[in-house]
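Because the structure is a prediction, the values reported are computed rather than measured. Residue numbers start from 1 in every chain, and the chains themselves are labelled A, B, ... in the order their sequence lines are given, proteins ahead of strands.
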Amino acid sequence: MQFLISMHINPAVLEALTEEEMAAVGEGHGRFIAALKESGELVNTQALVDPSQAVVVTVRNGQPAVTDGPFLEAKEYLGGFYLVDVEDKDRAVALAAQIPDAAIAGLGVEVRQVMFYDGLPEA
Amino acid sequence: MTAGPAEGLLRELAPQVLGALVRRHGRFEDCEDAVQEAVIAAAAQWPAQGVPGNPRGWLVTVASRRLVDQVRGDHARRARESAVAAAEAPGDVPGRDDTLALLFLCCHPALTGASQTALTLRAAGGLTTAEIARAFLVPEATMAARISRAKQRIRAAGASFTWPAGDELAGRLPVVLHVLYLIFNEGYTASAGADLHRPDLAAEAIRLARMVHAQLPADGEVTGLLALMLLTHARRAARVTAAGDLVPLGEQDRARWDAVMTAEGMELARVSLGAPSLGPYQLQAAIAATHADAATAAGTNWAQVHALYLILERVAPNPVVTLNRAVALAEVKGPAAGLELLAGLDGDERVAGHHRLLSVRAHLLEQAGDTAGAYDCYRRAARATASLAEQRYLQGRASRVRPAGGQPGAEG
């Protein structure tokens, strides 16, 4: 079954990390990706640009409007995700615990099962 | 499975060829790769050039040369040699069917269920990695890594390619049957995605179960599993509407059940019950046969269904079995008796909060006339399921019993 493991980042928390700590986070993700590829559990992973680059689209009375709010007011943002295909929820939770972000105070990693899927798998 | 004649033949021959190679050379990992390459080569050549006179011999020859190449690491000679192999008519290597030995290796207890199913489909089912990846909606590279890891684990566990016998057979056959059951269920419940070219896993599981049954025709559980699969698969056309909505058993148009498949399943279920011991697949097949025996849902012999679930609860205790027994009990003694049985499951963390418990309770509350309670349970069940089709069905039931003044559009 497939799970989306999403990383909720807080820019203030990330900015407070030392350079060594940031490097350790990056290396941790690298090792995590390599292990997931080898075990045959990784479907894909994506990281998103800084929330300051995001826009919010709304359509009111048929008129689209592009603004930078209101989600910019939030403290936590979706920073990126891992889409994994695993045995069960316990395994997905165990994997989430290996993500470096999970060990940083102020950050959280969320695990949710995928219910609907469509697209063009490369297979 | 919409396989052409060449593909059907390939899937049948692949495990035999792999068995022949492993018996001659050992090295399951390498042989398995070599057979996969031979299968891919045959799938490309046979439809255009015709199936060779001795297809098994062709595959054995091509796979053997791929194996030699792999071992030597001599990739340059491959193309030349497969042309030579196609021209030759090598002597066949008849021997006993190795399918069972292969299945026991693929379903090794050191592997996870996901790895067992993938490796079984490739080594015993003759499917390509690309086909298996499509069936499970994952990228081919993901599936290739999973299969390769599974083979490493098998080697690390020191597993050997042998025909299991005696206690070993009795101990490990249930694992093999469980893997086939998992493959069947994956095909039966899969709802995600637009799947025009998705291999039919339910049909593949039935084909593999037939292969095991051919080897062990006297085993009651093997016969029972095949019967259960056939009786369930026979209902597939009546199970979903054209719009993709689920139709529960009680509301299915039984004229749309596959009569030939049902008849075969009924006969196998009957035969399986004559075996000296009684296991969970035989009992589930007997329950499915009881449903198939009724011309209409109203004509169902619920007392017999309930009695069979009682035995199943004793043979293989499991809260999901109790859940199903509650449905039968409600039909025999009324919804209150069913609800009382369900109350005992609330403390079982394996099902408490599970959408099946919530939806069965909702059904029984609806039958008992408690529409407010049913509405609440249907909505909670809809939120708890991971299947979109099930969610739509449960939301539909909820809106049917929505009490006056209930907030419309608040579902989900």
Side-chain angles (χ1 to χ4, degrees), chain A residues 1-7 27-48 58-61 71 78 80-99 109-123, chain B residues 111-119 122 127-153 182 185-186 189-199 244 349-350 353-355 382-392 394 412:
Chain A
M1 48 182 76
Q2 298 197 357
F3 287 83
L4 190 81
I5 303 178
S6 51
M7 275 99 44
E27 282 162 22
H29 277 282
R31 276 195 304 274
F32 186 65
I33 291 171
L36 278 182
K37 279 184 178 168
E38 208 204 318
S39 70
E41 291 174 310
L42 181 67
V43 178
N44 75 55
T45 178
Q46 298 185 15
L48 307 180
T58 52
V59 179
R60 296 290 177 269
N61 301 319
F71 305 120
L78 180 64
F81 65 82
Y82 288 94
L83 181 62
V84 297
D85 188 74
V86 293
E87 185 82 1
D88 51 28
K89 189 175 184 177
D90 289 346
R91 174 64 180 164
V93 170
L95 286 176
Q98 296 173 20
I99 295 174
V109 174
E110 188 183 57
V111 178
R112 287 172 78 180
Q113 191 180 345
V114 175
M115 184 161 76
F116 174 78
Y117 177 98
D118 202 349
L120 299 168
E122 74 224 46
Chain B
L111 304 180
T112 63
S115 299
Q116 289 169 333
T117 52
L119 192 56
R122 200 172 108 143
L127 267 67
T128 64
T129 304
E131 288 172 322
I132 302 165
R134 269 202 297 278
F136 287 91
L137 297 171
V138 298
E140 188 175 346
T142 300
M143 195 48 79
R146 194 175 299 172
I147 288 170
S148 147
R149 165 70 72 90
K151 290 198 285 185
Q152 285 166 21
R153 282 243 165 108
L182 285 181
N185 271 334
E186 179 71 24
T189 56
S191 59
D195 52 358
L196 272 179
H197 301 291
R198 218 176 148 188
E349 63 176 20
R350 288 172 294 178
H354 193 276
H355 71 95
R383 278 197 295 270
T385 181
S387 153
L388 203 60
E390 247 165 27
Q391 187 174 72
R392 269 203 309 270
L394 291 164

(Q) Checking an interface table here. Which of residues 89-97 of chain A come within a heavy-atom distance under 4.5 Å of chain B? (A) none

Q) Are there residues of residues 34-42 of chain A that reach to under 4.5 Å of chain B by heavy atoms, and which ones? A) A/Lys37, A/Glu38, A/Ser39, A/Gly40, A/Glu41, A/Leu42

Q: Check salt bridge (Lys or Arg N to Asp or Glu O under 4.0 Å) between A/Arg31 and all other residues, then give those that pass, not counting sequence neighbours.
A: none

Q: Could you tell me which residues satisfy salt bridge (Lys or Arg N to Asp or Glu O under 4.0 Å) with B/Arg350, sequence neighbours excluded, listed by chain and number?
A: B/Asp348

Q | Contact origin within A/Val86 toward chain B - heavy atom pairs under 4.5 Å | A | neither

Q: Taking all heavy atoms of B/Leu388 and all of A/Phe116, pick out the closest pair and write down the distance.
A: CD2-CD1, 3.5 Å

Q.
Show the nearest heavy-atom pair for residues B/Thr112 and A/Glu87, with the distance to one decimal.
A. CB-OE1, 3.5 Å

Q) For A/Gln2 and B/Val138, what are the C-alpha separation, side-chain angles and deciding distance, and is it a side-chain contact (heavy atoms from CB on, under 4.5 Å)? A) CA-CA 9 Å; A/Gln2 298 197 357; B/Val138 298; 3.4 Å; yes

Q: Look at atom CZ of B/Arg392 and say whether more than 12 heavy atoms of other residues, nucleotides or ligands are closer to it than 6.0 Å.
A: yes

